[in-house]
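Computed from a prediction, not measured in an experiment: that's the story for all the values here. Order of the sequence lines fixes the chain letters, A, B, ..., with proteins taken first and strands second; residue numbering starts at 1 for each chain.
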Amino acid sequence: MACLLEAPLRISVLSEVTATSRHYVDRLFHPDPQKVLQGVIDMKNAVIGNNKQKANLIVLGAVPRLLYLLQQGLSSSELKTEVLGSELRTEVLGSELRTEGVVVLGSELRTECVVLLGSELRTEGAVVLRTECVVVLGSLAMGTENNIKSLVDCHIIPALLQGLVCPDLIFIEACLRCLRTVFISPVTPVQLLYTDPTVIPHLMSLLSRSPRTQDYITQIFSHCCKTPEHQTVLFNHGAIQNIAPMLISLSYKVRMQALKCFSVLAYENTQVSMTLVNVLVDGDLLSQVFVRMLQRDLPIEMQLTAAKCLTYMCRAGAIRTDDRCIVLKTLPCLVRMCSKERLLEERVEGAETLAYLMEPDVELQRIASVTDHLVAMLADYFKYPSSVSAITDIKRLDHDLKHAHELRQAAFKLYASLGSNDEDIRKKITETENMMDRIVSGLSESSIKVRLAAVRCLHSLSRSVQQLRTSFHDHAVWKPLMKLLQNAPDEVLVMASSTLCNLLLEFSPSKEPILESGVVELLCSLTQSDSPALRVNGIWALMNMAFQADQKVKGEIVRALGTEQLFRLLSDPDTNVLMKTLGLLRNLLSTRPHIDQIMSSHGKQIMQAVTLILEGEHSIEVKEQTLCILANIADGNTAKELIMTNDDILQKIKYYMGHSNAKLQLAATFCISNLIWNEEGSEADAMTGCQERQDKLRELGFVDILHKLTQALDPNLCERAKTAMQHYLA
Amino acid sequence: DITPLSISLSPCINPKMAELGAGSLLLGDPAFNYQEAELNERLKRLYPAVNEDETPLPRSWSPKDKYSYIGLSQNNLRVHYKGHGKNHKDAASVRATHPIPAACGIYYFEVKIVSKGLDFLSSLLPLSPIPGWDKHSYGYHGDDGHSFCSSGTGQPYGPTFTTGDVIGCCVNLINNTCFYTKNGISLGVAFTDLPPNLYPTVGLQTPGEIVDANFGQQPFVFDIEDYMSEWRAKIHGMIARFPIGERLGEWQAVLQNMVSTYLVHHGYCATATAFARATETLIQEDQTSIKNRQRIQKLVLAGRVGEAIEATQQLYPGLLEHNPNLLFMLKCRQFVEMVNGTDSEVRCFSVRSPKSQDSYPGSPSLSPRHGATNPNLHSAGADSPTCSNGVTPPNKNKSHNKYPGVSSASSSSSSSPSSVNYSESNSTDSTKSQPHSGTSNQEETSDSEMEIEAEHYTNGVAENPSARIMNGTYKHQEILQAQDISLGNGVAGTDDSCASRQLCGGNQAATERMIQFGRELQGLNEQLCREYGKNVTHKKMLQDAFSLLAYSDPWNCPVGQQLDPMQRENICSALNSAILESQNLPKQPPLMLALGQATECVQLMARVRSGSCSFARVDNFLH
């Protein structure tokens, strides 16, 4: 019964609500401006804190009407200014004529009459009406994201930006407040701030008007500065000079917003950072002002944001990494932000910023690793949601769940940064409770962010020979890693394949099981990727795999990669790819039987490729590597002939033996030395082969060169030439 | 355990207390004196809550509490090892002169490793029972970076440290934890649940090992003040967020009452009335009574003690007779004010003198004439204060009912009250003539209370004379000084007499009157002695007051302090309290009681070793 009764009641209530809402909208269309004003004021009081009412009014079309009233007021006032202005001008002109041209007086009068006009309008209620309209719009924007979308769709942004030209401060503040609310919403396209090039300079000029304009404008900047281009626009319009004085404002809000703005401007921006270090605020360097904001009794938000500013300035090279303000202030502050006492959001931001700060500097990594038990402190990041919170408090559980991924990825990032250089720190990390298990499970988490961070962490730790031999093997990290490599996004793939490279190093016990898991195909497919980083990692891993590998593995690599792909890689635009491909070739061409076998099947193409590279414009390193390949070929039994019968190559070797670079000379000499080599106890026909080669090389003038090289300054080169000469004599 | 190079904390197990090694201090060294001054300043700033008379701070290593293998130098700040260092038995340690006082809240010291020495003993041998205070000690060892807590087995804690490193140790006495620092970087908590009374300690075991301590002689490498600021903010936040809950209304009433009673107590009549109106509360005392007290206080603070005595006798007959000690104090003060030239009995001369000098230039015969007409002039002077008689009638009626005997006496002498009073005191039986002369017991109790007040309310805080907060007299001076000034402006000549600074304003007649008054005072003292026995305090007061006459410039003499107008405040509040007590009102405002109690609580916290007291200072909440 009750249910039956209740249903119709609800409908009637609903329709009643809509009816009252409609009434509010209707009043905006009243012919009497006084009634309209009252209507807007009533509407303002009705919507405050009432999301339902806000949605109703938007649906009923209140926004376009409010914007119309707003713009109507603006244009009419402009019109009036113009009319009155021209009237005045004629009047002034008249007086001018009478007093024979007092221009100064004219301009004075002009400003005076504008002021008069302002007050006149105020009494008229036009400014009041406009201000009230903006207040209502601001209130509507405070509702849901849908509200913001509707407002943006109605072109509220250009209308409000236009309103900023008005001289009335209260009106300007209302416009800015509303703009702020709209712009800080994630649904608003930030580009809208930059479409009109006059907007930014005008906002800069409004910064000096009042603490409120400062607060709102810096908030808008902070939220709308998303790209390096945005940073540059704001920078070019004097953002730094205009905002810096706000750092010592009496209002905490203004100080805080200015600080946030700087953190956004300085992020990965050398130009801004380099400018910031030289800015003085009230006689103090900006970095000192930031350091003062790190003080422990200040609000956490301020400490954290100031630490971010200093971090970004340091990473941009504006502050040295061994500066006291980084080592003794910024770093300890960020470590504190990671402590259990901080909010989850603060801990995430703190850890990420700290990871970014010390990423390139091993000394900072060492300091951080002993600061306040950071390594152990981070282990706590993995304990969310805690089992206690799940049972006792649903709200807390929800909160924990929301931040659990963020916490984990931040911790992985920080571990990755901490362990990227120092062996002791890596050991400390892997010895942290369940660390390897956590990484392993992180690799297969649903969140990409966590997976990426976990693999970064794993990569950082995989640089340790010790860890590769022990914990990596014990925890079979290769398994989830291999799984991760199957269709993951590129950024994950880069990290994962890079880690795999290290796992395939010959001393890694994981190498065997990885090989057995059919990794070759996967790596070969990576070498065909569009991303140079992936190609490098693919070929690098193959190179590592081929190092001292048995014939079967080498054969598999050659088969799977295919000579075509191999040669494509040898002409890769990325030098790294080329180097690693040459490295792969070199590793493939080791030990005599392997050399002979591969050269017998692919000799022609390889010799072609070698010739091409030696003729091409390449770095010393590339050419050295190529000469080393030749030296390896020269070490083969049958493969030798491929060089001996190729006069072009022999001439090239001769050329490099006389090159100005000792490294190239050495590699080329190595090659010749291998050709000359006669091994004791080898077969007779080989002996004859040897004799023939020696004769041919003498004819080509190699002996003279070798003789000359025995006098070389480089001891290695000299030694190598002497050995070769000895073989000649034998 | 003592192992190679450790920075540790050791508890007090040795019963003997080490004294500051004053013998080794080179007091003549100016550099050292400068350092000493800097140390004092830094310690005061870091540990403002520590009362060093009660709990001295560690300032150097103790030459008494050390092993023989330890050598001290450089004002007992440098430690070097002079043993063999062959095995663990050669390990040695030294501790600071004093344990860390709990009132520090957060304590910090640093040690610089000047030289790590020749480390030929690299392995740690198991714990050996080294006698003394190494048990229950807490250390951080340089060789392995381990922390050791009351046992021989170390826990991995921090990095190792060596020559050139500065190792700091911070003891948090609020949560009883400790952390170390290395070159200004905090290494994180090393120990929890620390016991009280720990000594800064250092242990060495390698020949050539040298370490320098910094107990505050130099700026610390680690920013300890920043760490302290965090804890200060934490504790202030805790106080600020103390839950009130449903008792909000109750608290408001209490607070209003406190403010109201404070205003009434000090006689801020108009403010008190306005406050009562605004808060819709009631004032216990009636307005006339408040105004009377206000007037008497103003007189005392202006240095017109004679008039104040008169007014008191008029408005509160019997009060001073009940409190002969108070009367004596007042009269002593009156004498001092006569020297000052501010009391009306001598001021009347000086006020006239310029005029008379005009009419009779350079005449020396003037003064005697003034002296001859003294009684008349005096009575005129007594009448001159605007309100002395004007406001009395309503009160008089009251007092008539209460003390008929005395009131009749006072009314009869109303034409020249002061002269009658003085003659009374001269005749030495003013106390005897009082109606309740038989109740000697009562007088004795009032006597003892007076004693307390004469000692500046130091009951309960006597051990801490340096503290500015005293029960009931806290921060009087600002308020009263302001009043003093306003009154001073109203009464012409007060400032002048101060500025000219001549005995009794430089007037001969006034000087004579003063001497006469001094004799009367002497007489009063003798009389009191006969009646109540010898009183050391009185004797001292009298001596001090009379000593002023022994100097040509009393303002710049060893006892010149008495002439400072600030000195009026104690007697003023004593008189005010006595009046209030006689009206059955509290002799101290509850606000002051609460303040005193809060201050006392904080000090008690220090004594029971609750470190948070150092950041919960009452001063921090008074603006």
Quiz item: Hey, which residues of residues 460-469 of chain A are touching chain B, say heavy atoms under 4.5 Å apart?
Solution: none

Quiz item: Is the backbone of A:R296 close enough, under 3.5 Å, to the side chain of B:D226 for a donor and an acceptor to pair up by distance?
Solution: yes

Quiz prompt | Residues from residues 329-342 of chain A approaching chain B under 4.5 Å (heavy atoms) | solution = A:K329, A:P332, A:R336, A:E341

Quiz item: Out of curiosity, B:L187 CG to A:L374 CG, how far, rounded to the nearest 0.5 Å?
Solution: 12.5 Å

Quiz prompt | Those residues of residues 309-328 of chain A, ordered by number, that approach chain B below 4.5 Å (heavy atom to heavy atom) | solution = A:V327, A:L328

Quiz item: Atom NE2 of A:H373 and atom OH of B:Y157: how far apart are they, to the nearest 0.5 Å?
Solution: 5.0 Å

Practice problem: Report yes if the side chains of A:D297 and B:E230 come closer than 4.5 Å at any heavy-atom pair, otherwise no. | Solution: no

Quiz item: For B:K234, does the NZ atom have more than 12 heavy-atom neighbours from other residues, nucleotides or ligands under 6.0 Å away?
Solution: yes

Quiz item: Hey, which of A:D372, A:I367, A:L298 has the most heavy atom pairs under 4.5 Å with chain B?
Solution: A:D372

Practice problem: Give a yes or no on whether B:R241 atom CZ has more than 12 heavy-atom contacts from other residues, nucleotides or ligands under 6.0 Å away. | Solution: no

Quiz item: Listed by residue number, which members of residues 167-185 of chain B have a heavy atom under 4.5 Å from any heavy atom of chain A?
Solution: B:N183, B:G184, B:I185

